[in-house]
J.: 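Take a look at this one; I'll ask things after.
Just so you know, ligand 1 is whichever comes first in the structure, and atom 1 is the first atom listed for that ligand.
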Amino acid sequence: MRKYNYSLKKFFPCLFLICLCAGCSSSSVPVNLSKAKKQISFYYESGQYQAELDQIIQDAMEEFNKMPIKDSSAVVFDVDETALSNYQAIKQVDFGYVPELWDKWVLQAKAPAIDDTKDLYHYLLQKKIHIIFLSARNPEQYEATYKNLVSAGYTKFDTLIVRSKNNIDTPAGVFKNVERIVLSNLGYNIIGSVGDQLSDFQGENVGLVVKLPNYMYLTE
Ligand SMILES: [Mg+2]
């Protein structure tokens, strides 16, 4: 397994933005924050999130099944809210973002897998498709991220890429695009990207877009 020695970087250059849900975009009156938090908790815990995930992953499998697969075919997975769920940790801080607490959480490497994503991961592995994890987490979080992915059941993948000191302030979408170009230059044919942020799909060599829901925060 190739291991990239990427260095420092801040992860989550973003605040956790509470999604004000449907209606907010069409109205100048925002949803009360307390109400928004309840709506988000309900969304994640009522089965709505699960149902949405189920459909997205099923659709993705059907699309990948139609594709011709080569030895070089690869799918790029984001980590947070894609491979791993931080929902409970974020809810614990009332959907806020405290950098110190976030770093502590990440270093614990205890985030559970998102099972639907893991189903897709196994499906792709069976088809001999290369798996690559590409995260905007910072370099100090590399080891914990690697450990967390493995302990959550993502035991086979070609590489985990996180930020380096050199791109610590680069917008996530630009950083990820550059890394996908590097991967393509290494010979990978990226046939799909799985993520929860628009920055997971910006630029070239994205392939099939598999956009997972995230109503807890937006990153740049
Ligand atoms: Mg993410």
J.: Should the ring pair Y87 and Y44 be called parallel, tilted or perpendicular, given that the plane angle runs from 0 to 90° and is split at 30 and 60?
T.: parallel
J.: With a 3.5 Å cut-off and no angle check, do the side chains of Q39 and Y215 form a donor-acceptor pair?
T.: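 On atom types as modelled, these side chains do not qualify, holding no pair under 3.5 Å.
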J.: Write the atom name of the N, O or S atom in D196 that is nearest the Mg ion (ligand 1).
T.: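 This residue's closest N, O or S atom turns out to be OD1.
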J.: State the atom name: nearest N, O or S atom of D80 to the Mg ion (ligand 1).
T.: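 Within D80, restricted to N, O or S, the Mg ion (ligand 1) is closest to atom O.
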J.: Measuring to the Mg ion (ligand 1), does D200 have an N/O/S atom at a distance below 2.8 Å?
T.: no
J.: For the pair F77 and Y121, name the ring-plane relationship: parallel under 30°, tilted 30 to 60°, perpendicular over 60°.
T.: perpendicular
J.: Salt bridge or not between E63 and K66? Use side-chain N to carboxylate O under 4.0 Å.
T.: yes
J.: Between the Mg ion (ligand 1) and E81, is there an N, O or S atom separated by less than 2.8 Å?
T.: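 Checking the Mg ion (ligand 1) against E81, no N, O or S atom falls under 2.8 Å.
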J.: Tell me which N, O or S atom from D78 is the closest to the Mg ion (ligand 1).
T.: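 The closest N, O or S atom of D78 to the Mg ion (ligand 1) is OD2.
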J.: Counting heavy atoms not belonging to I69, are there more than 12 under 6.0 Å from its CD1?
T.: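 Buried by this count: over 12 neighbours within 6.0 Å.
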